[in-house]
Every structure is written in C-alpha cells, then in structure tokens.
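We name chains A, B, ... by the order of the sequence lines, and we start the count at 1 in each one.
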There are 2 protein chains.
Amino acid sequence: MENKNLDLEKQISEFKNIVRKKGLKFTPQRKKIFEEILKTEGHFQIEDLVHNIKEKGINVSRATVYRTLNIMKELGFVEEVIKFKNKTIYEVSLKHHHDHLICTNCGKIIEFHEEKIEELQNKICKKYKFHPDFHRLEIFGLCHECYKELKKKKRK
Amino acid sequence: MENKNLDLEKQISEFKNIVRKKGLKFTPQRKKIFEEILKTEGHFQIEDLVHNIKEKGINVSRATVYRTLNIMKELGFVEEVIKFKNKTIYEVSLKHHHDHLICTNCGKIIEFHEEKIEELQNKICKKYKFHPDFHRLEIFGLCHECYKELKKKKRK
DNA sequence: CTTTGTGCAAAGATTTTGCATTGCG
DNA sequence: CGCAATGCAAAATCTTTGCACAAAG
C-alpha cells in the first residue's frame with residue numbers, strides 16, 4: 001500500500017518533469033487527470049474520465065480533459081489503442097507493448113504479447129519497404145464467460 | 001473489359017438476391033451505392049462515397065448511404081476495418097482476409113496476408129479461452145516514398 | 001396494398017476551437 | 001509579469017433518427 005503510493009508519487013513527479021521540460025505548465029488539472037488515469041486498470045475512455053472527475057466534485061472541464069489527453073499522447077503517456085463502436089479507448093503506456101482481445105459482448109479487454117507476431121510484422125514491413133511506427137492488433141470475439149452464457153441462452 | 005462488366009452484373013445480382021432473401025428491398029439507391037463501392041480499389045470512406053455519388057448528380061441522401069452501409073455490414077458485403085483520426089474506413093469484403101500497412105503521411109494503404117500471424121493468433125485465443133470472431137491488424141508508419149521524401153526534407 | 005425505404009432536417013455523440021480570464025513559473 | 005492553460009459555449013465532425021411521403025414486392 002505504501003509502496004503503491006510511493007510509485008504513484010514517483011510517476012506524477014516524472015510526469016511533472018517531462019511536462020515542464022517541454023515548456024508546458026504543470027497545472028492542478030493536469031495533475032488530477034494524470035492521477036485518475038493511473039487509477040484505471042490500464043484502459044479508459046475519455047467520457048469515463050470526465051465522469052469520474054465530475055463525480056468527485058473536481059473542477060476540470062471536458063475541453064481540458066481532451067486537450068490534456070492530446071498532450072499526454074504526444075508525450076507518450078497514453079496511447080489511442082482501440083476504436084470500437086465509434087468510441088476511442090486509451091491506454092496508459094507504462095507497460096511494454098501488447099495487443100488486445102476484445103469481447104464484443106461484455107467489453108472485457110484481455111492483453112497479450114506474442115513476440116513471434118512482432119517479428120513477423122517486421123518481416124512484412126521489410127518486404128514492402130515500409131517503415132513502421134506503431135501498430136494495433138485487435139482480436140474481437142467472445143470471452144470464455146460470454147461464450148458459455150450465450151451458448152446457454154441459445155439452447156433455451 | 002467485357003469480363004469486368006459481367007463480373008459487376010453478377011455481383012450486383014448476388015447482392016440483389018441476398019437483400020431480397022432477407023426480406024429487404026432492392027432499391028435504385030442501394031444498387032447505386034453498391035456499384036460505387038465496387039468501383040473503389042477495395043477501401044473507401046463514407047464521406048468519399050457520399051461525395052462521389054453527389055458529384056455524379058445521383059440523388060442518394062447521406063442518411064441512405066449510412067443506412068445502406070450498416071445493412072451491407074450486417075450482410076457481410078463490407079467491413080469496418082480501420083479507425084484512424086476519427087475516420088472509419090470501410091473495406092469491400094469480396095477478397096479473402098488481409099491486414100493493413102497504413103502510411104501516416106500520405107494515407108496509402110498496403111494490404112498483406114501472413115498465414116503464420118493468423119495461426120499465432122489462434123494459438124493465443126486458445127490460451128485465453130477466447131472465441132475470435134474477426135480481427136484487425138494495422139501497422140502505422142511511413143511508406144517507402146514518404147520515408148525517402150521526409151528524410152530529404154530533414155537534411156535541408 | 002402493405003411494408004420497407006427515402007429524404008430531410010433535427011438530434012446525438014464525440015472532439016475541437018475561439019475567446020476572455022486565470023494562474024503557473 | 002508574460003505566456004500558456006482553463007472554462008465556457010459554440011462549432012465542427014461523424015452518425016443516427018423521427019416523420020411524412022414514395023415506392024418495392
């Protein structure tokens with residue numbers, strides 16, 4: 001628990017330094033948004049963020065949330081990872097790269113990383129003389145729980 | 001050329017039959033939209049479609065284009081494949097499955113298919129007891145031409 | 001003739017932006 | 001103090017929808 005708080009402070013401090021190094025300002029709003037993002041399990045949607053912040057009676061406007069996220073994206077603290085049903089899902093980029101299994105029924109996101117897939121991708125890029133920057137691999141389908149549930153319903 | 005027109009008619013006819021089989025109506029608008037989609041090189045954006053149709057003086061409203069695309073998606077004639085910069089890119093699903101290299105500079109889309117990646121994906125799904133439906137693999141970066149061009153500019 | 005489709009305009013949803021004001025550094 | 005950030009509301013995008021009318025089957 002204490003450990004966690006130390007981590008949190010360390011990350012916020014790092015964020016502060018990087019923001020300032022870029023000639024930007026470290027405002028209470030940016031701090032708050034960053035804290036809220038760290039509290040998520042790694043993935044979040046903007047509207048959830050806005051909602052969570054509003055709920056706690058903290059004054060950060062939607063515009064600021066959007067603007068801050070764009071800055072964080074540029075600074076590499078978050079990534080736009082998934083677009084599904086016209087919603088953008090962001091991801092906190094504190095871990096190493098991974099891809100996603102997305103349940104189209106319950107919305108659950110499972111992360112995975114398969115080095116061999118990354119290698120094959122590089123091979124393909126070479127073949128097409130393509131210079132990759134980043135990629136997204138999203139597998140949509142049903143998680144085990146939803147699959148079982150839907151199979152049960154079908155039987156009835 | 002003649003061959004191509006035969007193909008076209010055959011595909012339109014198939015579309016007509018499937019639409020009717022579903023109890024839906026085969027209207028001139030739906031025919032027109034389908035024809036325009038077939039004319040693309042496999043990928044298109046809704047607004048381009050609307051624009052192309054409008055330009056030819058054909059009367060199909062934006063609402064009808066959106067509604068028709070949703071139907072075509074359900075019927076499997078098109079797929080939503082890429083979300084980039086808040087734009088949805090559709091793909092005509094007449095070819096076998098493939099993935100995409102997307103140039104973030106010029107927007108060019110290169111298609112590829114790598115069976116080994118598909119196999120690895122299946123392996124991963126099994127590991128997580130996930131039941132895949134479809135997937136998207138998008139590699140963003142620079143195509144060879146843009147890479148060369150941007151390198152040249154940087155030097156100056 | 002019934003039911004579905006269309007066009008239009010309005011409404012929704014998501015994201016960006018202009019401008020006056022605030023506040024960090 | 002100067003410049004960047006904020007909040008607000010308006011606007012810009014993209015997409016869906018209600019309703020009256022048209023047309024397919």
Side-chain angles (χ1 to χ4, degrees), chain A residues 12-13 15-36 44-54 56-75 77-90 107, chain B residues 12-13 15-36 44-54 56-75 77-90 107:
Chain A
I12 292 173
S13 174
F15 177 58
K16 182 159 104 182
N17 292 336
I18 293 184
V19 163
R20 289 195 172 153
K21 204 176 285 172
K22 291 275 169 183
L24 302 172
K25 286 168 182 175
F26 184 69
T27 63
Q29 288 90 337
R30 286 182 180 170
K31 179 168 184 242
K32 197 68 224 165
I33 292 167
F34 190 67
E35 280 173 356
E36 285 300 318
F44 64 94
Q45 293 182 26
I46 293 192
E47 285 307 312
D48 289 344
L49 201 57
V50 172
H51 183 255
N52 287 343
I53 289 174
K54 278 262 179 301
K56 288 171 190 165
I58 301 158
N59 270 349
V60 182
S61 70
R62 170 170 283 105
T64 296
V65 173
Y66 274 93
R67 283 191 275 233
T68 302
L69 277 176
N70 281 334
I71 289 170
M72 287 182 172
K73 196 162 54 171
E74 276 172 40
L75 298 184
F77 284 97
V78 298
E79 274 173 75
E80 253 183 36
V81 278
I82 301 164
K83 300 270 186 172
F84 187 53
K85 288 184 179 169
N86 301 325
K87 291 208 188 314
T88 302
I89 298 174
Y90 279 85
Chain B
I12 292 173
S13 174
F15 177 58
K16 182 159 104 182
N17 291 336
I18 293 185
V19 163
R20 289 196 173 151
K21 202 175 288 173
K22 289 276 168 183
L24 302 171
K25 287 168 182 175
F26 184 68
T27 64
Q29 287 90 337
R30 287 182 180 169
K31 180 168 183 242
K32 196 68 223 165
I33 292 167
F34 190 67
E35 280 172 355
E36 285 300 317
F44 64 93
Q45 294 181 28
I46 293 191
E47 285 306 311
D48 291 344
L49 202 57
V50 172
H51 183 256
N52 287 344
I53 289 174
K54 278 262 178 302
K56 288 171 189 164
I58 301 159
N59 270 348
V60 182
S61 69
R62 170 169 284 104
T64 295
V65 173
Y66 274 93
R67 283 191 274 231
T68 302
L69 278 176
N70 281 333
I71 288 170
M72 287 183 172
K73 197 162 50 171
E74 275 172 41
L75 298 184
F77 284 96
V78 299
E79 274 174 75
E80 254 184 35
V81 277
I82 301 164
K83 300 269 186 173
F84 188 53
K85 289 183 179 170
N86 301 324
K87 291 207 187 315
T88 301
I89 297 174
Y90 280 86

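- At C/dA9, none of the side-chain N or O atoms of B/Arg62 fall inside 4.0 Å of OP1 or OP2 (strictly under the cut-off).
- In this structure, NZ of A/Lys22 is placed 21 Å from P of D/dC3, rounded to the nearest angstrom.
- In this pair, A/Tyr90 and A/Phe44 present their aromatic rings parallel. The plane angle is below 30°, not in the 30 to 60° band.
- Mapped onto DNA chain D by nearest heavy atom, B/Lys16 and B/Ile46 fall at different nucleotides, with B/Ile46 at the one closer to the 5' end.
- An OP1 or OP2 oxygen of D/dA24 is reached within less than 4.0 angstrom by no side-chain nitrogen or oxygen of B/Gln29.
- Residue A/Lys21 contributes atom NZ, which lies 19 Å from atom P of D/dA4 at whole-angstrom precision.
- Across all their heavy atoms, A/Leu69 and A/Val78 have their closest contact at O-CG2, 4.0 Å.
- No more than 12 heavy atoms of other residues, nucleotides or ligands sit less than 6.0 Å from atom NZ of B/Lys16.
- Contact between A/Arg30 and A/Lys25 at its shortest, heavy atoms only, is NH1-O, 2.9 Å.
- Across the protein-nucleic acid pair, A/Phe26 atom CZ and D/dA5 atom P stand 13 Å apart, rounded to whole Å.
- Counting to the nearest Å, the C1' atom of D/dT6 and the NZ atom of A/Lys32 are 17 Å from each other.
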Sub-3.5 Å pairs of nitrogen or oxygen atoms, protein against nucleotides 17-21 of chain D:
residue : atom : partner : partner atom : Å
D/dG18  : O6   : B/Arg67 : NH1          : 3.4

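- C/dC8 atom P lies 7 Å from atom NZ of B/Lys54, rounded to whole Å.
- One atom, CG of A/Leu69, and another, C1' of C/dT15, lie 11 Å apart when rounded to the nearest Å.
- Residue B/Thr64 places none of its side-chain N or O atoms closer than 4.0 Å to OP1 or OP2 of C/dG5.
- For A/Asn70 and C/dT16, the shortest distance from a side-chain N or O to OP1 or OP2 is below 4.0 Å.
- Taking only side-chain nitrogens and oxygens, A/Thr68 never comes nearer than 4.0 Å to OP1 or OP2 of D/dA5.
- The minimum heavy-atom distance linking A/Glu36 with A/Ile53 is given by the pair CG-CG1, 3.7 Å.
- Separating the CG atom of B/Leu75 from the P atom of C/dG5 is a distance of 11 Å, rounded to the nearest angstrom.
- Residue whose closest nucleotide on DNA chain C sits further toward the 5' end, between B/Asn59 and B/Gly23: B/Gly23.
- If you check every strand for non-hydrogen atoms under 4.0 Å, A/Ser61 touches a base.
- Note on A/Lys22 versus A/Glu74: no salt bridge recorded, every NZ/NE/NH1/NH2 to OD/OE distance being 4.0 Å or above.
- Contact record, B/Ile33 with B/Met72: CG2-CE, 4.1 Å, taken as the closest heavy-atom pair.
- Rounded to a whole Å, the NZ atom of B/Lys25 is 11 Å from the C1' atom of C/dT6.
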